[in-house]
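Read through the structure below, which is laid out as structure tokens, and then see the notes.
A, B, ... follow the sequence lines: proteins, then strands. Residue 1 opens every chain. Any value given below was found using the heavy atoms of this structure, including those in side chains, with hydrogens, waters and symmetry copies removed.
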Protein chains: 2
Amino acid sequence: MDTQRKKSKKRDAIIALLKSTKSHPNAEWIYATLKPEFPALSLGTVYRNLTQFKEDGVITSVANVGGQERYDADTNEHAHFICDCCGCVIDVEASTPLGKFALSAMEETGAVITGVKLQFHGLCGECAKK
Amino acid sequence: MDTQRKKSKKRDAIIALLKSTKSHPNAEWIYATLKPEFPALSLGTVYRNLTQFKEDGVITSVANVGGQERYDADTNEHAHFICDCCGCVIDVEASTPLGKFALSAMEETGAVITGVKLQFHGLCGECAKK
DNA sequence: TTCGTTGCAAACATTTTGCAGTTTC
DNA sequence: GAAACTGCAAAATGTTTGCAACGAA
């Protein structure tokens, strides 16, 4: 029942851009970055394709920073550091034990960690029954 | 230079409500729940007070579910389970090693975990300099 | 009487959607 | 040619803000 996908240059460009950056961009940045190459590009198209990519599991939204969703084409499970000041999102590689690992991983960058947010996503008991 | 706070029944009611629930509500729910008791309450007041509470460190926003911010008056660091179907947010207590702990913690509830989101918040190297 | 708080409505920002035209298969 | 894709603009949604009235110190 899934609707099938057809080829589209805009879509290709969007996913290629996402795969080429580690900046975990938002929709607006993707739009602005591709606009020179695709002058006719519209923001709605960016949003529509992002939604598709999420559905297809090709990307994930890693955070909501300042009310804007941030996307990542690296779907391997990994952690992120989010600056509460400038809003940048930085990959935190590895998967060693929690607090210690985080501190040492970010230490070299001069970052200061003030809090940890851990979210497990899935289906709750009620929803899993269906 | 911080502006000082005066007493306010509405504010008291909002924080009391937040402290009395484990449902990690959003602004709208708080508004709707208090409306009967405070018929004159306005949504703007709820948002303004939530912002204040966050500034004062009395609450934190634990997640953004379906575009709506979810708040928690329990500021002790703990994890959350978020149902991607119904949007409910459930506390995950304890702090044993990651994956295993999560699975066993939620197992009894019948929940199915499909992903983990770990975010470290703080200031990046650039911002920390200031 | 000073200054924080509130209701209300308007303003905002981000994201979604309807429609008509275009592209892909 | 059917169905997916797109631009555009309008709409929807969640949140913020300006202002005048109100309440606490």
Side-chain angles (χ1 to χ4, degrees), chain A residues 1-18 24-56 58-72 82 84 87 89, chain B residues 1-18 24-56 58-72 82 84 87 89:
Chain A
M1 211 82 305
D2 332 61
T3 91
Q4 53 191 330
R5 301 270 124 94
K6 290 185 176 174
K7 214 158 182 293
S8 145
K9 301 204 168 173
K10 312 261 170 83
R11 179 152 64 228
D12 291 348
I14 293 172
I15 191 63
L17 178 58
L18 269 163
H24 312 84
N26 56 25
E28 185 68 38
W29 183 89
I30 296 170
Y31 171 71
T33 304
L34 292 179
K35 190 71 174 173
E37 187 179 353
F38 299 91
L41 181 65
S42 103
L43 197 49
T45 296
V46 173
Y47 276 109
R48 268 187 283 234
N49 278 298
L50 287 173
T51 302
Q52 280 194 3
F53 291 141
K54 258 198 298 187
E55 281 173 12
D56 298 348
V58 178
I59 66 172
T60 50
S61 64
V62 293
N64 184 301
V65 180
Q68 299 186 176
E69 211 56 38
R70 304 287 289 262
Y71 300 93
D72 194 345
I82 297 160
D84 291 325
V89 178
Chain B
M1 213 81 306
D2 332 60
T3 92
Q4 53 191 329
R5 301 269 128 91
K6 289 184 176 174
K7 213 160 185 293
S8 144
K9 301 204 168 173
K10 312 258 171 84
R11 179 152 62 228
D12 291 347
I14 293 173
I15 191 64
L17 178 58
L18 269 164
H24 313 83
N26 57 24
E28 185 69 37
W29 183 89
I30 296 170
Y31 171 72
T33 304
L34 292 178
K35 190 71 176 174
E37 186 180 352
F38 299 90
L41 181 64
S42 103
L43 197 49
T45 295
V46 173
Y47 276 109
R48 268 187 286 235
N49 279 297
L50 287 173
T51 303
Q52 280 193 2
F53 291 141
K54 257 198 300 188
E55 281 172 13
D56 298 347
V58 179
I59 67 172
T60 51
S61 65
V62 293
N64 185 300
V65 180
Q68 299 186 177
E69 212 54 38
R70 303 287 291 262
Y71 300 93
D72 194 345
I82 299 160
D84 292 325
V89 178

Is there a side-chain contact between A:Lys10 and the phosphate of D:dG7, meaning an N or O under 4.0 Å from OP1 or OP2? yes

If I take atom CD in residue A:Glu55 and atom P in nucleotide D:dC5, what distance separates them, rounded to the nearest angstrom? 11 Å

Which of the following nucleotides, C:dT16, D:dT15, D:dT6, is nearest to the side chain of A:Thr51? C:dT16

What are the two closest non-hydrogen atoms of A:Ala32 and A:Pro36, and how far apart are they? O-CD, 3.3 Å

Contact class for B:Glu28 (heavy atom, under 4.0 Å): base, sugar-phosphate, or nothing? nothing

Determine whether a donor-acceptor pair (N or O, by modelled atom type, separation under 3.5 Å) exists between the side chain of A:Arg11 and the backbone of A:Lys6. yes

Calculate the interatomic distance between B:Leu34 atom CG and C:dG7 atom P; express it in whole Å. 11 Å

When you compare the side chain of B:Leu50 with that of B:Ile30, does any pair of heavy atoms fall below 4.5 Å? yes

Minimum heavy-atom separation for B:Gly87 and B:Arg70, please, with both atom names. O-NH1, 2.9 Å

Without decimals, in angstroms, what is the distance between A:Asp12 CG and D:dT6 C1'? 14 Å

Whole angstrom value for the distance that separates C1' of C:dT5 from CD of B:Gln4: 13 Å

When the axes are fitted on five pairs at both termini, how much does the helix from C:dT1-D:dA25 to C:dC25-D:dG1 curve, in 10° steps? 30°

If you compare all heavy atoms of B:Ile14 against all heavy atoms of B:Val46, which two are closest, and at what distance to 0.1 Å? CD1-CA, 4.0 Å

Non-hydrogen atoms of A:Ala13 and A:Phe38 that approach each other most closely: CB-CE1, 3.5 Å

Which nucleotides of nucleotides 17-22 of chain D have their base under 4.0 Å from a protein heavy atom (B), which only their sugar-phosphate (S), and which neither (-), written as one string 5' to 3'? BB----

Rounded to whole Å, please give me the gap between CG in A:Asn64 and P in D:dG14. 13 Å

Rounded off to whole Å, could you give me the CD1-to-C1' distance for the B:Ile30 and D:dG14 pair? 14 Å

Pair A:Lys54 + A:Glu69, salt bridge at N-O below 4.0 Å: no

Heavy atoms only: give me the nearest A:Leu41-A:Tyr31 pair and the separation to one decimal. O-CE1, 3.3 Å

Drop me the distance from A:Gln52's CD to A:Thr3's OG1, to the nearest 0.5 angstrom. 6.5 Å

Side chain of B:Arg11 only, heavy atoms from C-beta on: which candidate in C:dT5, D:dC8, C:dG4 is closest? C:dT5

Return no unless some side-chain N or O of A:Asn49 is found under 4.0 Å from OP1 or OP2 of D:dT6. yes

Search all heavy atoms of B:Pro25 against all heavy atoms of B:Leu18 and return the closest pair with its distance. CG-CD2, 3.9 Å

Give the rounded distance in Å between these two atoms: CD of A:Glu69 and C1' of D:dT13. 14 Å

Assign a letter to each nucleotide of nucleotides 20-25 of chain C from its 5' end: B, base within under 4.0 Å of a protein heavy atom; S, sugar-phosphate only; -, no contact. ----BS

State, yes or no, whether a side-chain contact exists between B:Val65 and B:His24 at a heavy-atom distance under 4.5 Å. no

Give a yes/no answer on whether the side chain of B:Gln68 brings an N or O atom under 4.0 Å of OP1 or OP2 in D:dT15. no

